[in-house]
Amino acid sequence: MLRPRLIPCLLVRGKGLVKTTKFKESRYLGDPMNAVRIFNEKEADELMILDIDATAEGRVPDLKMIKNWAEECRMPLCYGGGITTAKQAQEIFSLGVEKIALSFGAINNPSVVKEISDMVGSQSVVIVLDVKKKLFGGYEVYTHNGKKSTGKNPFDLIKQFQDLGAGEIVINNIDADGEMKGYDLALMEKARNSTTLPLTASGGAGTLQDVKDLISKFGIIGAAAGSLFVYKGKLKGVLINYPGFSEKEELRQK
């Protein structure tokens, strides 16, 4: 049975765990492997790890690093960063990763989505769209850590990638990243109306109530978060955390 998912999203920069605000102001938090181990203990629904500089620096995925995470991880693992070909995706799947996240690679070469989907099945192909509000209304998709505008409408891209065989869409809200003021529910409603695929919101969660609000409105949806699961308190002390079973079940009640 499909259920709402609570997904810690870990950002990696130079092999270290970091957290950004609006895709800027990177703060070093420690070793990502330690975070993986803690989320294992806390039995997270799944885990997303993004190498945020791979595309911007023109790097291919670091297979050794990914292999180490995959071997340690006891929950479904989604990796993203620098993936541009079906061959790279196949190598990453062979390491034990369940899902791959495509962003620039898919926007730059949409046919790669179909290639990977035909190879491993759509359930393993996740499209991450980094979305920002336009000055005079509407939304636009960016790449390269939010520095390059694509000029593309996210809702048009959602429909295109659904047709090409994507299995899940993640809407990563640049404006809300690290702000901890709640998800943009209006943005997610537009995304929900654009697809029948599993959908995940990322960017803005600051409390478990924000997660509750998202699930209450949309039901079956993914709630991805970085700050919520790596910080504690108003001063943002670094503390890896995740709700326990009963707390999570309460959040899932509409």
Side-chain angles (χ1 to χ4, degrees), residues 7-40 44 46-73 75-85 87-89 91-108 126-130 132 142-149 170 172-180 202-205 224-232 235-242:
I7 309 165
C9 182
L10 303 181
L11 307 182
V12 173
R13 167 167 279 161
K15 302 186 187 299
L17 179 65
V18 301
K19 187 65 196 81
T20 56
T21 300
K22 295 189 175 183
F23 282 35
K24 302 172 184 175
E25 302 172 25
S26 171
R27 178 184 176 186
Y28 176 75
L29 303 178
D31 182 355
M33 188 65 82
N34 289 336
V36 172
R37 291 178 180 132
I38 294 170
F39 286 123
N40 279 340
E46 60 184 83
L47 186 65
M48 177 179 285
I49 302 181
L50 304 177
D51 183 343
I52 59 175
D53 288 334
T55 293
E57 295 176 356
R59 287 191 286 103
V60 298
D62 185 331
L63 297 180
K64 182 179 179 181
M65 190 165 62
I66 297 167
K67 181 175 186 288
N68 290 338
W69 295 330
E71 287 178 346
E72 188 68 34
C73 194
M75 69 214 89
L77 175 61
C78 176
Y79 168 80
I83 303 168
T84 57
T85 70
K87 183 176 183 295
Q88 289 172 336
E91 289 175 329
I92 292 168
F93 288 128
S94 74
L95 302 176
V97 173
E98 284 82 2
K99 298 179 181 180
I100 55 102
L102 298 168
S103 185
F104 172 74
I107 294 168
N108 188 54
V126 178
I127 302 295
V128 178
L129 298 178
D130 297 332
K132 193 173 184 178
Y142 283 70
T143 62
H144 295 73
N145 283 339
K147 294 181 177 67
K148 287 192 177 183
S149 167
V170 176
N172 196 7
N173 187 343
I174 296 174
D175 297 309
D177 172 54
E179 291 290 287
M180 302 183 76
S202 181
S227 298
L228 176 62
F229 297 134
V230 300
Y231 291 144
K232 206 68 176 176
L235 297 179
K236 294 186 177 181
V238 178
L239 179 65
I240 304 297
N241 67 97
Y242 190 81

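Every value quoted in this text rests on a predicted model; they were computed, and no experiment measured them.
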Which pair of non-hydrogen atoms, one from Leu95 and one from Ala70, has the smallest distance, and what is that distance?
O-CB, 3.4 Å
When rounded to the nearest 0.5 angstrom, what is the spacing between CD in Glu179 and OG in Ser227?
9.0 Å
More than 12 heavy atoms of other residues, nucleotides or ligands under 6.0 Å from NZ of Lys24: is that the case?
no
If every non-hydrogen atom of Glu98 is compared with every non-hydrogen atom of Met75, which pair is closest and at what distance?
OE1-O, 4.2 Å
Anything under 30° is parallel, anything over 60° is perpendicular, the rest tilted; go ahead and classify Phe229 against Tyr242.
tilted
Just verifying a value: how many Å separate Ile7 CD1 and Glu46 CD, rounded to the nearest 0.5 Å?
4.0 Å
Got Cys73 and Leu47 here, is their nearest side-chain heavy-atom distance under 4.5 Å?
yes
Grab the two heavy atoms, one from Ile100 and one from Cys78, that are nearest each other, plus how far apart they are.
C-SG, 4.2 Å
From Ile240 CD1 over to Arg37 CZ, what is the distance, rounded to the nearest 0.5 angstrom?
13.0 Å
Got a donor-acceptor contact below 3.5 angstrom from the Asn68 side chain to the Leu63 backbone?
no
Take Val12 and Ile52 through the side-chain contact (heavy atoms from CB on, under 4.5 Å) test and state the conclusion after the steps.
CA-CA 6 Å; Val12 173; Ile52 59 175; over 6 Å; no
Quick one: side chains of residues 14-21, donor-acceptor pairs under 3.5 Å with protein atoms, not counting sequence neighbours, listed by atom name and distance.
from	atom 1	to	atom 2	distance (Å)
Lys15	NZ	Asp62	OD2	2.7
Lys19	NZ	Asp177	OD1	2.9
Thr20	OG1	Asp177	OD2	2.7

Should Tyr231 and Met180 count as side-chain neighbours, where that means a heavy-atom distance under 4.5 Å?
yes
Would you give the length of the straight line joining atom CD of Glu71 to atom CE of Met33, rounded to the nearest 0.5 angstrom?
8.0 Å
Closest heavy-atom contact between Leu50 and Cys9?
CD1-SG, 3.8 Å
Does the Gln88 side chain pair with the main chain of Thr85, one donor and one acceptor, at a distance under 3.5 Å?
yes
Less than 4.5 Å apart, side chain to side chain, heavy atoms only: is that true for Arg13 and Asn145?
yes
Straight-line distance of Lys148 NZ to Phe104 CZ, nearest 0.5 Å:
6.5 Å
Any side-chain heavy atom of Leu29 sitting closer than 4.5 Å to one from Leu10?
no
What pair of heavy atoms forms the shortest contact from Gly82 to Pro61, and how long is it?
O-CD, 3.4 Å
Counting C-beta onward and ignoring hydrogens, is there a side-chain heavy-atom pair between Thr143 and Ile107 closer than 4.5 Å?
yes
Can you tell me if Tyr142 uses its side chain to pair, donor with acceptor, with the backbone of His144 under 3.5 Å?
no
Would you mind reporting whether Val230 and Leu239 have side-chain heavy atoms less than 4.5 Å apart?
no
Test item: Asn40 side-chain N/O and Glu72 main-chain N/O as donor-acceptor pair under 3.5 Å:
yes
Exercise: identify the closest heavy-atom pair between Asp130 and Ser103:
OD2-OG, 4.2 Å
